[in-house]
Amino acid sequence: MVKILGVSGSPRKAATEYALKQALEAAEEVPGVTTEFISLGGKKINFCIHCDRCIKEGAISCVIHKDDMSNLYQPFYDADGYIFASPVYDMGITGQLATYFNRFRPVYTLLKQNPRYFSSKVGGAIAVGGTRNGGQECTLNNILGFYYTNGILAVSGGMGVYHGACVWSQDRKAQGAEEDLLGIKNVRFIGKRVAETAVMVKAGVMALQSETNRAG
Ligand SMILES: Cc1cc2nc3c(=O)[nH]c(=O)nc-3n(C[C@H](O)[C@H](O)[C@H](O)COP(=O)(O)O)c2cc1C
């Protein structure tokens with residue numbers, strides 16, 4: 001099975017959660033795909049303080065904070081693909097999502113052990129703004145930056161969906177997002193594309209492995 005992890009960076013159960021769940025539903029239409037949904041809403045996640053103790057101690061999770069992040073490392077490490085969705089806050093991702101991303105500093109340890117750890121994992125992005133052109137594309141770039149820095153393959157939506165799906169909620173929570181028909185169509189497209197790409201990459205990794213074994 002291929003596992004797609006969806007993370008909502010909204011503090012509320014509203015437009016972003018609605019959009020992300022649409023994407024995950026579309027992802028599950030791809031045979032062999034399962035999904036997991038995580039909301040950062042209500043979670044207590046402290047800032048990374050750049051002490052680098054995780055790196056010094058060779059840990060793959062934070063060694064100083066005991067907070068809700070402790071349970072969020074493993075789902076991230078185990079997934080084959082990701083869909084991160086954020087409300088647009090000041091033309092960028094929310095503080096919640098930025099803090100979650102920053103807390104993956106210990107990934108450095110993982111990549112030191114295996115530089116290709118994330119090279120066969122894929123990711124897509126969703127941004128939900130209150131205004132039509134409120135910074136959704138800047139927000140998508142924040143999410144894609146996280147993929148690039150970790151060596152995760154960023155999945156483009158292709159023609160018209162470019163670097164991810166943009167939704168206009170009109171500041172009316174899930175109802176507003178639902179009414180953005182094009183936005184939700186693109187959200188579902190990116191969900192399906194992430195799932196299909198994750199399946200293809202996983203099959204490709206196995207093919208490469210067997211070719212390598214055959215070559216001796
Ligand atoms: C602090 C804050 C900053 C915001 N900044 C923007 C913005 O720059 N552009 C925009 O289009 N909407 C902005 N919004 C509106 C939200 O992006 C919008 O309501 C979105 O649907 C919220 O997602 P949610 O419904 O999942 O909580 C902002 C909202 C808040 C609370």
Side-chain angles (χ1 to χ4, degrees), residues 4-29 35-48 67-69 71-72 75-76 79 81-104 123-149 152 154-157 160-195:
I4 306 296
L5 173 67
V7 177
S8 165
S10 174
R12 312 188 298 181
K13 190 176 165 60
T16 308
E17 184 165 323
Y18 173 80
L20 177 56
K21 284 184 171 171
Q22 287 287 315
L24 295 177
E25 193 183 281
E28 288 202 351
E29 288 169 7
T35 66
E36 178 179 355
F37 169 81
I38 291 176
S39 169
L40 299 184
K43 298 221 171 16
K44 295 272 177 279
I45 304 177
N46 291 295
F47 296 131
C48 172
D67 57 16
D68 290 336
M69 194 63 199
N71 295 324
L72 299 179
F76 176 72
Y82 310 100
I83 304 173
F84 289 115
S86 183
V88 179
Y89 277 11
D90 306 308
M91 296 182 72
I93 55 173
T94 59
Q96 286 85 345
L97 190 57
T99 305
Y100 168 86
F101 285 164
N102 295 166
R103 289 288 299 279
F104 282 102
I126 296 171
V128 182
T131 44
R132 188 198 291 275
N133 302 302
Q136 282 88 337
E137 290 186 293
C138 308
T139 306
L140 293 176
N141 278 337
N142 291 163
I143 296 171
L144 297 181
F146 178 73
Y147 295 145
Y148 298 146
T149 53
I152 293 165
V155 174
S156 160
V161 195
Y162 307 127
H163 53 321
C166 298
V167 177
W168 173 34
S169 73
Q170 302 175 62
D171 276 335
R172 290 196 295 108
K173 301 185 176 174
Q175 177 75 34
E178 191 180 4
E179 286 173 20
D180 180 11
L181 299 182
L182 179 61
I184 295 303
K185 183 174 167 230
N186 291 344
V187 154
R188 293 188 65 90
F189 187 82
I190 206 89
K192 195 161 188 181
R193 187 117 200 251
V194 166

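Everything quoted here is computed from the prediction, not taken from an experiment. Counting starts at 1 for both ligands and their atoms, in listed order.
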_Pairs of nitrogen or oxygen atoms closer than 3.5 Å, one from Gln136 and one from ligand 1: do any exist?_
no
*If you measure every N/O of Gly130 against every N/O of ligand 1, is any gap under 3.5 Å?*
yes
_atom 5 (N) of ligand 1: the protein heavy-atom neighbour that sits closest, reported with distance to 0.1 Å_ = Asp90 N, 2.9 Å
*Identify, by atom number and element, the atoms of ligand 1 in contact range of Ser169, meaning under 4.0 Å from any of its heavy atoms.*
18 (C), 19 (O), 20 (C), 21 (O)
*Sub-4.0 Å atoms of ligand 1 with respect to non-hydrogen atoms of Thr131*: 10 (C), 11 (O)
*How far is atom 2 (C) of ligand 1 from its nearest protein heavy atom, and which residue and atom name does that atom have?*
Tyr89 CD1, 3.7 Å
*Of the listed options Arg172, Lys13, Arg12, closest to atom 27 (O) of ligand 1 (non-hydrogen atoms)*: Arg12
*Distance-only N or O hit between ligand 1 and Val88, under 3.5 Å*: yes
*Go through the steps to decide whether Tyr100 and Tyr82 satisfy the test ring pair (Phe, Tyr, Trp, His ring centres under 6.0 Å), and finish with yes or no.*
CA-CA 14 Å; Tyr100 168 86; Tyr82 310 100; 9.4 Å; no
*Subset of ligand 1 atoms that lie under 4.0 Å from at least one heavy atom of Val128*: 17 (O), 20 (C), 21 (O)
*Where is the nearest protein heavy atom to atom 22 (C) of ligand 1: which residue, which atom, and how far?*
Pro87 CB, 3.6 Å
_atom 19 (O) of ligand 1 - nearest protein heavy atom and its distance_ = Asp171 OD1, 2.4 Å
_Met91: numbered ligand 1 atoms lying under 4.0 Å from its heavy atoms_ = 7 (C), 8 (O)
*Taking Gln136 for the side chain and Gly134 for the main chain, is one N or O donor matched with an acceptor at less than 3.5 Å?*
yes
*Check Ile4, Val187, Val194 against Leu24 for a side chain to side chain contact (heavy atoms under 4.5 Å, CB included) and give me the one that passes.*
Ile4
*asked:* So, regarding Glu17 and ligand 1 (criterion: nitrogen or oxygen to nitrogen or oxygen, under 3.5 Å), is there a contact or not?
replied: no
*Between Ala15 and ligand 1, which residue portion shows a heavy-atom distance shorter than 4.0 Å: side chain, backbone, both, or neither?*
both
*Using atom types as modelled and distance alone, determine if a side-chain donor or acceptor of Tyr148 lies under 3.5 Å from a backbone N or O of Ala154.*
no
_Side chains of Glu17 and Ser8: any donor to acceptor distance under 3.5 Å?_
no
*Considering non-hydrogen atoms only, spot the tightest contact between Gly191 and Ile83 and give its length.*
CA-CD1, 3.8 Å
_With respect to Gly134, determine whether any N or O atom, backbone or side chain, lies less than 3.5 Å from an N or O atom of ligand 1._
yes
